[in-house]
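Keep in mind that this is a model prediction, so the values were computed, not measured. Both ligands and their constituent atoms are indexed starting at 1 by order of listing.
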Amino acid sequence: MKIGIVCYPTFGGSGVVATELGKALAGNGHQVHFITYSQPARLDFFSENLYYHEVSVSNYPLFDHSPYEAVLASKLVDVVRFEKLDILHVHYAIPHASAAFMAKQILATYGIHIPVVTTLHGTDITLIGKDVTFKPVVTFSINQSDGVTAVSDDLRKATYEHFDIHKQIKVIPNFIDLNRFSLKKKDHFKKAIAPNDEVILVHTSNFRKVKRATDVVKVFKKVNDVLPSKLLMVGDGPDRSNCEQLSRELEIGNDVRFLGKQEAIEEILSVADLFLMPSHSESFGLAALEAMACKVPVISSNTGGLPELNVNGVTGFLSDVGDVEEMAKNAIYILEDRERLSQFKENALAHAKNFELSKILPIYEEYYREVLEANLV
Ligand code: GMT
């Protein structure tokens, strides 16, 4: 198949999923065309089946805000026509689904009928999408998509709850490439971070408010009071300085390292004993799956799709959003006993295997075929 993929080319989860999916599809012999405003973060190499089309955003002085949706739609028309794509797969509803709808209408005037699959990732539904400023467009463009997928059952339910959707939504969970995300031998790094064999806790995110990264610091403080431990904070974003400030105030600054944005997440996860994800909202929690694949158990909130990923008492523990007391208690329970810790680590990997790329990729391929067949003209 010739597949067009539209996504945010950033470090965010939806961009990562879209890019990894495109790479895997290309590996399976499909021709994959990425259409984004800059090179996706994990697409910095050459492959004969992968193409990248840049959407250049105009800076014409009349525009206070560039009309990205219009240039994206024009680019989609161009790529579909001249590369003869079979299907468009857009990740994140805003504004990709509506841009694809517009492109589809324009293409119809050329006698080209291209099906559009929209994958909902989370905040496009649960946070920003349901805001009145976007809601009519999001509702319309989901209903106009030829196929709709959501990354968890919870997100599917939330979509039906918040929007008037009359389309079937198929749940296709996110996936993990176990060749990349697996426990690596990183003894030197471990020694440098925890010279006295302290346990290592890790948090990775974009430090947006929704991640509640300051709860990570609060949980760690309680763990650090009873267990020799270190915390690695990976990523960057609006809440990072609040976390830095809080760790100074709590006098744990020497045990907390802020590593900023990192590419080789799997190497950092390879030295970790526990992953913390206290998010306010999380449709899936890809970062937690990456941790589990590297044998790291997870302490998370019980919001959104997290209970579908983190099995309470098996791969880690779930608590109510903001319950730092219970999160710390559970973290200590896992970490204080090396044998127990090692059982949780095994369980985390065993469950991560259910989301292996090789299991999820055929589901997407089959879904494309179904949508194509249903839309034959
Ligand atoms: O969580 C973020 O800040 C990024 C966001 C995105 O849209 O890129 O992630 C969402 O999509 C990921 C991939 O499907 C999911 O793993 C995340 O749980 C989801 N984030 C939220 O729902 C807050």
Side-chain angles (χ1 to χ4, degrees), residues 5-22 24 34 36-38 40-43 89-97 117-131 134 138 148-159 161-162 169-177 181 203-213 215-216 233-240 261 265 275-293 298 300-310 318 321 352 355 357 360-361 363-364:
I5 292 187
V6 180
C7 65
Y8 282 106
T10 49
F11 275 85
S14 63
V16 169
V17 169
T19 311
E20 295 301 330
L21 175 63
F34 282 93
T36 67
Y37 59 79
S38 75
R42 293 188 184 178
L43 199 75
H89 187 176
V90 304
H91 291 259
Y92 207 89
I94 309 166
H96 301 154
V117 170
T118 298
T119 289
L120 308 171
H121 278 275
T123 46
D124 46 352
I125 296 299
T126 54
L127 214 68
I128 183 147
K130 69 177 194 220
D131 189 279
F134 284 110
V138 173
V148 185
T149 77
V151 298
S152 64
D153 204 40
D154 184 82
L155 183 60
R156 177 179 175 274
K157 284 195 196 116
T159 309
E161 206 175 294
H162 298 307
I169 301 177
K170 184 173 174 68
V171 176
I172 306 185
N174 287 334
F175 52 84
I176 191 84
D177 178 0
F181 286 92
H203 171 75
T204 68
S205 79
N206 48 28
F207 287 75
R208 292 195 329 229
K209 278 272 173 272
V210 70
K211 302 295 173 183
R212 293 186 68 101
D215 281 3
V216 171
M233 298 286 269
V234 185
D236 213 332
D239 247 357
R240 175 177 165 172
K261 285 183 184 162
I265 298 287
F275 188 80
L276 300 176
M277 182 175 260
S279 305
H280 172 76
S281 149
E282 204 69 66
S283 68
F284 182 85
L286 185 63
L289 175 57
E290 292 178 346
M292 287 160 66
V298 175
S300 71
S301 57
N302 54 15
T303 185
L306 283 172
E308 293 167 55
L309 176 66
N310 187 17
L318 300 146
V321 173
F355 299 89
L357 172 62
I360 308 297
L361 184 64
I363 306 179
Y364 271 114

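No heavy atom of Gly304 sits closer than 4.0 Å to any atom of ligand 1.
Formation of a donor-acceptor pair under 3.5 Å by the Asn310 side chain with backbone atoms of Val298 is found in this model. Under a 3.5 Å cut-off, the side chain of Asp124 and the backbone N or O of Gly122 do form a donor-acceptor pair.
Near Tyr92, with a cut-off below 4.0 Å to any heavy atom, the atoms of ligand 1 are 7 (O). Short contacts between ligand 1 and Lys211, defined as distances under 4.0 Å to a heavy atom of the residue, involve ligand atoms 1 (O), 2 (C), 3 (O). Distances below 4.0 Å separate heavy atoms of Gly285 from the following atoms of ligand 1: 15 (C), 16 (O), 17 (C), 18 (O). Atoms of ligand 1 lying under 4.0 Å from at least one heavy atom of Val151, given by number and element, are 14 (O). The distance from ligand 1 to the heavy atoms of Gly122 drops below 4.0 Å at these ligand atoms: 22 (O).
Ser14 N, 2.7 Å is the protein heavy atom nearest to atom 8 (O) of ligand 1. Distance from atom 5 (C) of ligand 1 to its nearest protein heavy atom, with residue and atom name: Gly13 N, 4.1 Å. Protein heavy atom closest to atom 14 (O) of ligand 1, with residue, atom name and distance, is His121 ND1, 2.7 Å. The protein heavy-atom contact nearest to atom 23 (C) of ligand 1 is Ser281 O, 3.2 Å. Nearest protein neighbour of atom 17 (C) of ligand 1, counting heavy atoms only, is Glu282 OE2, 3.2 Å. Scanning the protein heavy atoms around atom 3 (O) of ligand 1, the nearest turns out to be Asn206 ND2, 2.6 Å.
Neither side chain, Tyr92 nor Thr118, offers a donor N or O lying under 3.5 Å from an acceptor on the other. A donor and an acceptor atom, one from each side chain of Ser279 and Ser301, are nowhere located under 3.5 Å apart.
For atom 15 (C) of ligand 1, the nearest non-hydrogen atom from the set Ala150, Ala287, Ser152, Ser283 comes from Ser283. The residue from Leu286, Asn174, Leu155 that puts a heavy atom closest to atom 13 (C) of ligand 1 is Asn174.
Around atom NE2 of His162, more than 12 heavy atoms belonging to other residues, nucleotides or ligands sit under 6.0 Å away.
Between Val148 and Leu120 the shortest side-chain heavy-atom distance falls below 4.5 Å.
Taking the charged nitrogens against the carboxylate oxygens, Lys209 and Asp239 do have a contact shorter than 4.0 Å, which makes a salt bridge.
Ring geometry, His96 versus Tyr8: the interplanar angle falls from 30° to 60°, so the pair is classed tilted. Ring geometry, Phe175 versus Tyr364: the interplanar angle exceeds 60°, so the pair is classed perpendicular (tilted spans 30 to 60°).
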